[in-house]
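Read the structure below first, then the notes.
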Amino acid sequence: MKKIISSLALCSSLIVLPTISHAALGDKLLKEGMTDPDVKELQDVLRQKGIFSATSTGYFGSITKDSVLSFQRSHSLTADGIVGPNTYQSLIANSTSAVTSSTLLKYGMTSNEVEKVQQLLKEKGYFNATPTGYFGTITQTAVMNFQRDQGLAVDGIVGPATLNALNNASTSIAGSSTVNSSTQATASDIVAYSKKFIGVPYVWGGTSPNGFDCSGFIYYVFKNGGGVTVPRTVATLYQSGKSTSTPNIGDIVFFDTTGGPSHAGIYIGNGQFIHAGSSTGVTIASLSNSYWAPRYLGSKSIL
């Protein structure tokens, strides 16, 4: 069993971090008499299941063997006290352990672990956007609000202490006055807000309802309609966020009009996007439009 890369998985109100990786299955048998870091990981998993009550030492002694035997019998496995492929598989399939990870999750990261944190924060009422796996401003603010409520250091970084609090804070606090309403803005809220400015004229460098350029419009809508600060230019917007294979509501869609990403809008669903066009002002257009379709570069989520 190779050194794990901790992963986050949701189980009820717990964040689940299995300590055995799928890639490591079957590459080493663990049995009585061995001393190995993998044995310590095994002991951690068994203890989280309530089967192993001793201190995890990395030594596979009689207590560890008895715990393995107990697990094997309860899961209709061959009860030999040896942790091989079948026992590994069952440990993973039935894992409900809630242990912390040494990996720090923070602003700018994109991973499955971030998505699971978003799902857990959403369950607890701190995160009301669609989990995407990208650690953006909404996620950071949700984490900070959670940390503040739990009496933790408010740094917006998900480390061991915050993970431990997420594991144990089982009560949802949806509606709590400590949750800033801006962090509860959904992609649909942002889209609805953006439509208020249909007809506002295009102004180069404009970032107000008196006039917008394309990125100024996006900047204003996300900041004032969702409490989210995004990069100001198309180029920096394009370098941010998580690429999506097909756009979701609230994603930013990008176009090449002059060479490279040079125009952007907000996807509103049904193949349409809202943007500040140089000849139209703020308007709704179709991705299949004969002008925009061949210039489409892709979409990114920044929530």
Side-chain contact test, heavy atoms from C-beta onward, threshold under 4.5 Å: evaluate it for Leu105 versus Val117 and give yes or no.
-> yes
Non-neighbouring partners of Ser194 that pass side chain to side chain donor-acceptor pair (under 3.5 Å), sequence neighbours left out | none
Could you tell me which non-hydrogen atom of His263 sits nearest to which non-hydrogen atom of Gly277, and how far apart they are?
-> CE1-CA, 4.3 Å
Heavy-atom side-chain contact between Leu29 and Val83 under 4.5 Å | no
Can a cation-pi geometry be assigned to Arg295 and Tyr291, taking NZ or CZ under 6.0 Å from the six-membered ring centre and within 45° of the ring axis?
-> yes
Whether Gln118 side chain and Tyr134 backbone form a donor-acceptor pair below 3.5 Å = yes
By side chain to side chain donor-acceptor pair (under 3.5 Å) - contacts of Asp256 (at least two apart) | none
Tell me, do Val68 and Ile82 make a side-chain contact under 4.5 Å, heavy atoms counted?
-> no
What pairs with Lys300 under salt bridge (charged side-chain N to carboxylate O under 4.0 Å, His left out), at least two apart in sequence or on another chain?
-> none
Leu120 side, atom CG; Glu115 side, atom CD - distance, nearest 0.5 Å = 12.5 Å
Qualifying residues under side chain to side chain donor-acceptor pair (under 3.5 Å), relative to Ser70, sequence neighbours excluded = none
Which atom names give the shortest non-hydrogen contact between Cys214 and Ala276, and what distance separates them?
-> CB-O, 3.6 Å
Treat each ILVMFWY residue as a node, draw an edge where side-chain heavy atoms are under 4.5 Å apart, and state whether Tyr193 and Tyr267 are in one component.
-> no
Do Ser299 and Thr244 meet the criterion of a side-chain donor-acceptor pair at a distance under 3.5 Å?
-> yes
Inter- and intrachain pairs under side-chain hydrogen bond (donor to acceptor under 3.5 Å, both in side chains), touching residues 281-290, at least two apart | Ser286-Ser288
Test item: Thr57 and Thr35 side chains (from C-beta on) under 4.5 Å apart, heavy atoms | no
With Phe212 via ring pair (Phe, Tyr, Trp, His ring centres under 6.0 Å) - residues at least two apart = Phe197, Phe217, Tyr220
Walk me through it: do Phe60 and Leu42 pass the test side-chain contact (heavy atoms from CB on, under 4.5 Å)?
-> CA-CA 9 Å; Phe60 199 127; Leu42 169 67; 4.0 Å; yes
Qualifying salt bridge (charged side-chain N to carboxylate O under 4.0 Å, His left out) pairs, either residue in residues 78-87, two or more places apart | none
Side chains of Val234 and Phe254 in contact at under 4.5 Å (non-hydrogen atoms) | yes
Inter- and intrachain pairs under side-chain hydrogen bond (donor to acceptor under 3.5 Å, both in side chains), touching residues 222-238, at least two apart | Asp213-Arg232, Ser215-Arg232, Thr233-Thr236
Under the 3.5 angstrom rule, does the side chain of Gln43 hit a backbone N or O of Tyr59 as a donor-acceptor pair?
-> yes
Taking all non-hydrogen atoms of both residues into account, name the closest pair between Pro247 and Val253 and its distance.
-> CB-CG1, 4.1 Å
Quick one: does Pro201's side chain get under 4.5 Å of Val282's, heavy atoms only?
-> no
Might you work through the side-chain contact (heavy atoms from CB on, under 4.5 Å) test for Thr141 and Tyr126, ending with a clear yes or no?
-> CA-CA 9 Å; Thr141 304; Tyr126 289 90; over 6 Å; no
Can you tell me how far CD1 of Ile190 sits from CD1 of Ile218, rounded to the nearest 0.5 angstrom?
-> 11.5 Å
Taking only residues two or more places apart in sequence, or in another chain, which ones meet Phe255 in a ring pair (Phe, Tyr, Trp, His ring centres under 6.0 Å)?
-> Phe273, Trp292, Tyr296
Identify the heavy atoms of Val158 and Phe135 that sit nearest to each other, and give their distance.
-> CG2-CE1, 4.1 Å
Could you check if a side-chain atom of Ile157 sits within less than 4.5 angstrom of a side-chain atom of Val143, using non-hydrogen atoms only?
-> no
Roughly how far apart are Asn86 CG and His75 NE2, rounded to 0.5 Å?
-> 13.0 Å
Do the side-chain N and O atoms of Thr78 and Gln72 include a donor-acceptor pair separated by under 3.5 angstrom?
-> no
Give a yes or no answer on whether the side chain of Ser262 reaches the backbone of Thr257 with a donor-acceptor pair at less than 3.5 Å.
-> yes
Side chain to side chain donor-acceptor pair (under 3.5 Å) with Ser53: which residues, sequence neighbours excluded?
-> none
Interatomic distance, Ile252 atom CD1 to Leu237 atom CG [nearest 0.5 angstrom] = 6.0 Å
Side-chain (Ser67) to main-chain (Ile51) donor-acceptor, under 3.5 angstrom | yes
From CG (Leu121) to CZ (Phe127), nearest 0.5 Å | 7.5 Å
Partners passing side-chain contact (heavy atoms from CB on, under 4.5 Å) against Asp66 (at least two apart in sequence or in another chain) = Leu69
Over 12 foreign heavy atoms within 6.0 Å of CD1, Ile63 = no
So NZ of Lys106 and CD of Gln140: to nearest 0.5 Å the spacing works out to 11.0 Å
Do the non-hydrogen side-chain atoms of Phe222 and Ile266 ever get within less than 4.5 Å of each other?
-> yes
Minimum heavy-atom separation for Ala79 to Arg73, with atom names?
-> CB-CG, 3.8 Å
Can you list the residues that meet the side-chain contact (heavy atoms from CB on, under 4.5 Å) rule with Ala293, with sequence neighbours excluded?
-> none
